[in-house]
Amino acid sequence: MRFRIATAAVLTACAMAGSGLALSAQAAPAAPADTHTAHTATTASIAHTAATAARPRCPYPYVCFYNGNTMTGKFKDTGYWQKLGASRNARGAVNTRHDDVAYVRFSNYPTICMKPGQGWSFGSAHPTQVYISTSSTCH
């Protein structure tokens, strides 16, 4: 099962980062839709999505974590696993980087890879660390 929920505010920001998220009336023409699927048994835990319109904008070149409409942290260093600290309670994240993927580890779910310009909603999963790679593709 796939979930693809997008809002104009995030799509506009992600379109600038080369996002492949779903079409929005306020966003520039979108790239082809992303084909990443969440694990079938845990689609309720983590779903591919964008943030809500009321969230503060995540600036380039950061990977930002959110809890509701509150930004809990933003990360930009590459090459090592970073502990999330206050973002351990985050319910979602956005990767605004143009050509760097970001991996997110969870205490109760397998690691995910966020492509450039991609956002995720974590549901009941608990993020613990983020790794920003200089690679433009997930491995």
Side-chain angles (χ1 to χ4, degrees):
M1 180 180 287
R2 296 180 192 182
F3 291 97
R4 193 174 322 263
I5 304 168
T7 61
V10 171
L11 287 175
T12 301
C14 292
M16 295 186 318
S19 173
L21 295 175
L23 179 63
S24 167
Q26 294 180 7
D34 177 63
T35 58
H36 184 84
T37 52
H39 293 292
T40 303
T42 56
T43 53
S45 297
I46 296 182
H48 184 140
T49 185
T52 64
R55 287 186 179 163
R57 185 178 171 276
C58 182
Y60 170 83
Y62 289 91
V63 175
C64 298
F65 288 80
Y66 295 93
N67 191 0
N69 292 333
T70 303
M71 184 183 301
T72 59
K74 57 186 183 178
F75 301 83
K76 71 175 184 175
D77 295 339
T78 61
Y80 64 96
W81 285 99
Q82 301 171 69
K83 293 182 180 180
L84 295 183
S87 294
R88 289 179 63 93
N89 294 323
R91 304 291 7 114
V94 173
N95 178 6
T96 66
R97 300 176 74 93
H98 295 296
D99 49 9
D100 300 329
V101 299
Y103 295 92
V104 180
R105 280 185 180 159
F106 298 89
S107 63
N108 62 339
Y109 191 81
T111 299
I112 63 166
C113 178
M114 295 173 50
K115 295 176 183 175
Q118 197 173 54
W120 283 80
S121 175
F122 301 149
S124 61
H126 303 288
T128 58
Q129 294 179 310
V130 63
Y131 179 92
I132 302 170
S133 171
T134 56
S135 174
S136 61
T137 58
C138 297
H139 298 286

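Here the structure is a predicted model, which means the values were calculated and not measured.
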### Query
How many angstroms lie between CG in D100 and OH in Y131, if you round to the nearest 0.5 Å?
10.5 Å

### Value rounded to 0.5 Å, distance of OG in S136 from NE2 in H98
13.5 Å

#### Entry: side chain to side chain donor-acceptor pair (under 3.5 Å) involving R105 - partner list, sequence neighbours excluded
Q129

### Task
Would you kindly confirm whether Y62 and Y66 end up in one hydrophobic cluster when ILVMFWY residues are joined by side chain heavy atoms under 4.5 Å apart?
no

### Query
Distance-only, no hydrogens or angles: does the N108 side chain make a donor-acceptor pair with backbone N or O of H126 under 3.5 Å?
yes

### Query
Would you find a donor on one side and an acceptor on the other, under 3.5 Å apart, between the side chain of T72 and the backbone of F65?
yes

### Task
Look up atom NZ in K74 and atom OG in S87, then write down how far apart they are to the nearest 0.5 Å.
11.5 Å

### Query
How many angstroms lie between CZ in R91 and CG in N69, if you round to the nearest 0.5 Å?
14.0 Å

### Task
Carefully, step by step, assess N95 and K115 under the rule side chain to side chain contact (heavy atoms under 4.5 Å, CB included).
CA-CA 7 Å; N95 178 6; K115 295 176 183 175; 5.9 Å; no

### Task
Carefully, step by step, assess R97 and K76 under the rule side chain to side chain contact (heavy atoms under 4.5 Å, CB included).
CA-CA 9 Å; R97 300 176 74 93; K76 71 175 184 175; 3.7 Å; yes

### Query
SG of C113 to CD of Q118: how many Å apart, nearest 0.5 Å?
7.5 Å

### Flag, side chain of Y109 to backbone of S124, donor-acceptor distance under 3.5 Å
no

### Query
What pair of heavy atoms forms the shortest contact from P116 to V101, and how long is it?
CD-CG1, 3.9 Å

### Summary
When rounded to the nearest 0.5 Å, the distance separating NE2 of H139 from OG1 of T137 is 3.5 Å

### Task
With sequence neighbours excluded, tell me which residues meet side chain to side chain contact (heavy atoms under 4.5 Å, CB included) with Q82.
F75, D77, Y80, V130, I132

### Message
Side-chain heavy atoms nearer than 4.5 Å, only ILVMFWY residues, links allowed to pass through others: does that put V63 and I112 together?
### Response
yes

